[in-house]
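This report concerns only the one structure given below.
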Amino acid sequence: MISSVSSRTVRSDLKFESDAGNRYVFALFPEFETLSEENTVGEEWEALDEGTAIIRKPIYEDEDGYFDMIRERVKVGQRAYLVGGSHKVAELEIVEIISEI
């Protein structure tokens with residue numbers, strides 16, 4: 001759930017629930033459904049308490065099997081969290097995979 005989110009607190013750091021016991025955090029960039037018609041992060045915005053977030057493929061090159069690590073985790077039903085440091089900013093569940101990495 002997300003409520004009253006400002007662009008200063010939104011991070012692209014995603015931690016999968018399956019990685020709770022380790023330090024793996026992935027840099028994946030979400031676009032949330034917002035209260036307005038816009039899906040992009042501006043200076044200030046407020047996301048719906050529940051809704052859809054589209055997470056895009058990383059824009060950088062695959063190094064050291066990074067994409068393989070993401071492929072292992074991105075499965076329908078998998079739970080994850082957007083985090084800012086040790087704080088959970090949003091809880092996510094993968095409900096559909098539109099395009100494989």
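Looking at Lys15, its side chain does come within 3.5 Å of a backbone N or O of Tyr24 through a donor-acceptor pair. Under a 3.5 Å cut-off, the side chain of Lys88 and the backbone N or O of Gly84 do not form any donor-acceptor pair. No side-chain donor-acceptor contact under 3.5 Å links Asp13 to the backbone of Ala27.
By the ring-ring contact (aromatic ring centres under 6.0 Å, His included) test, Phe16 pairs with Phe26, sequence neighbours left out.
Cluster annotation: Val76 is connected to Met69 through the hydrophobic network of ILVMFWY side chains, with a link wherever side-chain heavy atoms come within less than 4.5 Å.
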List the steps and the verdict of side chain to side chain contact (heavy atoms under 4.5 Å, CB included) for Leu14 and Val83. CA-CA 6 Å; Leu14 186 81; Val83 294; over 6 Å; no
Could you give me the CA-CA distance, side-chain angles and deciding distance for Leu28 and Ile70, then say whether side chain to side chain contact (heavy atoms under 4.5 Å, CB included) is met? CA-CA 10 Å; Leu28 301 171; Ile70 294 171; 4.0 Å; yes
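The two residues Ser18 and Arg73 come nearest to each other via the heavy atoms OG-CG, 4.3 Å.
Inter-residue side-chain proximity for Arg79 and Ile94 is flagged as unmet; no heavy-atom pair is nearer than 4.5 Å. Within the 4.5 Å cutoff, side-chain heavy atoms of Leu82 are placed close to those of Leu92.
The environment of CD in Glu63 is sparse: at most 12 heavy-atom neighbours from other residues, nucleotides or ligands sit within 6.0 Å. The number of heavy atoms from other shown groups lying within 6.0 Å of CG (Asn22) is above 12.
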